[in-house]
2 protein chains.
Amino acid sequence: MKAAERQLRIRQMLETRDFVDLETLCRELDASESSVRRDLDMLEEEKVLRRVYGGAVSTETPPARAFDYNVETERLSTEKDRIARVAAGLIEPGQTVILDGGSTVAAVARELSTKSLHIVTNSLPIAESLETLRNIELTLTGGYLDPRLRVMLGPFCEQMLGAIRADAVIMGVGSITETGFCNNNTLVVGSEQKMIEIAGKVIIVADHTKFGRGGMIPVAPLNAADIVISDRELAPEYVELLRANGVEVLLA
Amino acid sequence: MKAAERQLRIRQMLETRDFVDLETLCRELDASESSVRRDLDMLEEEKVLRRVYGGAVSTETPPARAFDYNVETERLSTEKDRIARVAAGLIEPGQTVILDGGSTVAAVARELSTKSLHIVTNSLPIAESLETLRNIELTLTGGYLDPRLRVMLGPFCEQMLGAIRADAVIMGVGSITETGFCNNNTLVVGSEQKMIEIAGKVIIVADHTKFGRGGMIPVAPLNAADIVISDRELAPEYVELLRANGVEVLLA
DNA sequence: GTTGCCGTTCAGCAGCCTTCATCGTCCCTC
DNA sequence: GAGGGACGATGAAGGCTGCTGAACGGCAAC
């Protein structure tokens, strides 16, 4: 890849995250450390970013949106990032991928931002983080906009989902128990069930704190998932449980 | 392949990606390195692109989207605000109102923000400006997200609109001539035609500069509108023309 | 002290520019 | 209508420029 292209891609990446590390850049851009360093130097010259130890941070001050959403984004962000990277690694260029709402899935969206994809989502934050990228064709489901979750839901959303097919869905969940995946909002559950129905491969992303919580609305039994991605702190019995249900488990 | 055709193809390629490398161009255009270099030089002369080591980058600045929208928002903002206030005055609390994209309609959205309403829109900027309001229930159409206009369009959008009914639609247009209302984007026209179909009352907002422009895609004949709202500088012959077609005209 | 990151240096080579021969087209002449 | 010259466009070749990746020593972080 050429210097100009690399620098454009770095700019793009900084639109969706505010820190990029050198190792990731080398991998994503398929270039040597030296070249990436030079690119970062040039972009720093242009005030696009600021070099820091281990990578670079965006100089763009983000418009600081959303309250709850950011807090949830911060919590466990490193686990989330690792989970997100693994999830993104399962997606091939050119695929159609459904992303549902939630901060873990938003992290996946960030990791997907360099691939050439068709993304279908009902999440406004995810749409906003991807809409400027030229390599991503973005389709939104319609529906009632939940003001707290910033996600489109309800019959219109489900009807729209019913009209499409996708290679994969990447979904967060509220909780996971032996009885299956759960969530805590009727409308969210409805759209998630539809997403599972229309996607070739169902990928669930959930950090270990999601396991064993109870008392919510069931979305699907465990065997509805093809792959579950969690972090290394996940208790072994859950790994066993999932594998016994024919689910592939990846620990990031 | 001739030089003119090659250059056209290069322009097209730059619409969907922001960097093209020489090797790819040679392959895609089936031409020698020298010829492609010459083409790039000429296109650089025309400011279509900028030559960089290994290829060329588009001179179209991607962040132009946001700023275009802002420029258009600034232009005539006082006329727009007055038009918006009149339009908002036509809406009763409790109604279901469709808002299409465009800066004039965005101004109407601001004016509507104190009423208790159900708003249906395909515009992301409008959705963002209304989403936090507790008195407004917001439903978005789905569809392909046009990255420049930030509006959802296409068959999914139209299908979703086809499933609902609304008390009124408030619409901007690209131009108004004696033959009817026009716009300059095929997909936008499709969704606007659907909006007109499903709305009880069709309200067009258009400052006087929109009148008499030509050469765009027809949306609907003049008599498709119930009310057209413009500003006081609108030439009297257009007022006459609209009234002759059974359209109520309000000048803000 | 160890690890990981940084900046520098340097050989290798990809890409650039210039030059030139070739080809096709157009127009003029006979 | 055929022949020939001028012209522009094309692609190949050669020398030069500067980008790239690997290696290495130094320094910050832990």
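The chains referred to below are lettered A, B, ... by the order of the sequence lines, with proteins before strands, and numbering in each begins at 1.
In terms of position along DNA chain D, the nucleotide closest to B:Asp30 lies nearer the 5' end than the nucleotide closest to the other residue of the pair A:Val36 and B:Asp30. Place A:Gly55 and B:Arg37 on DNA chain C by their nearest nucleotides, and A:Gly55 ends up nearer the 5' end.
Distance, A:Leu40 CG to C:dG7 C1': 13 Å, rounded to whole Å. At whole-Å resolution of the value, CE in A:Met42 and C1' in D:dC19 are 10 Å apart. Rounded to whole angstrom, the span from the CD atom of B:Glu33 across to the P atom of D:dG14 amounts to 15 Å. At whole-Å resolution of the value, CG in B:Leu25 and P in D:dG11 are 14 Å apart. Per the geometry, CG belonging to A:Leu22 stands 14 Å off P belonging to D:dA22, to the nearest Å. Protein atom CD of B:Glu23 is 10 Å distant from nucleotide atom P of C:dA14, rounded to whole Å. For B:Asp21 and D:dC19, the CG to P distance is 16 Å, given to the nearest whole Å. For the pair A:Asp41 CG and C:dT8 C1', the interatomic distance rounds to 12 Å; values are reported in whole Å.
The side chain of B:Arg38 places no N or O atom within less than 4.0 Å of a non-bridging phosphate oxygen (OP1 or OP2) of D:dG8. Contact annotation: A:Ser34 side-chain N/O to D:dG21 OP1/OP2 distance is not under 4.0 Å. Contact annotation: B:Arg6 reaches the phosphate of D:dT10 (side-chain N/O to OP1 or OP2, under 4.0 Å). Put simply, A:Lys2 has a side-chain N or O that comes within less than 4.0 Å of OP1 or OP2 on C:dG15.
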Determine which bases of DNA chain D form Watson-Crick or G-U wobble pairs with both distances under 3.5 Å, and write the result as a 5' to 3' dot-bracket string with | for other-strand partners. ||||||||||||||||||||||||||||||
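Using a 4.5 Å cut-off on side-chain heavy atoms (C-beta onward), A:Gln12 and A:Ser113 make no contact. Side-chain contact between B:Val48 and B:Met42 is absent, with no heavy-atom pair separated by less than 4.5 Å. When side chains are defined from C-beta on, A:Ile10 counts as touching A:Leu29, because their heavy atoms get closer than 4.5 Å. Here the side chains of A:Asp167 and A:Ile98 are not in contact, with every heavy-atom distance at 4.5 Å or above. Inter-residue side-chain proximity for B:Tyr144 and B:Met152 is flagged as unmet; no heavy-atom pair is nearer than 4.5 Å. Contact annotation: the side chain of A:Met171 approaches that of A:Ile196 to within less than 4.5 Å [non-hydrogen atoms, C-beta and beyond]. The shortest side-chain heavy-atom distance between A:Arg150 and A:Pro125 falls under the 4.5 Å cut-off.
Between B:Arg51 and B:Glu44 there is no salt bridge, since none of the side-chain N atoms of the basic residue sits less than 4.0 Å from a carboxylate O of the acidic one. Using a 4.0 Å cut-off between a side-chain N of Lys or Arg and a carboxylate O of Asp or Glu, B:Arg9 and B:Glu28 do not qualify as a salt bridge.
A donor and an acceptor atom never sit less than 3.5 Å apart when one is taken from the side chain of B:Ser35 and the other from the base of D:dA9.
Side-chain contact, A:Thr179 with A:Thr177: a donor N or O sits under 3.5 Å from an acceptor N or O.
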When you check every protein heavy atom under 4.0 Å of nucleotides 25-30 of chain D, what one-letter string (B, S, -) results, 5' to 3'? ---B--
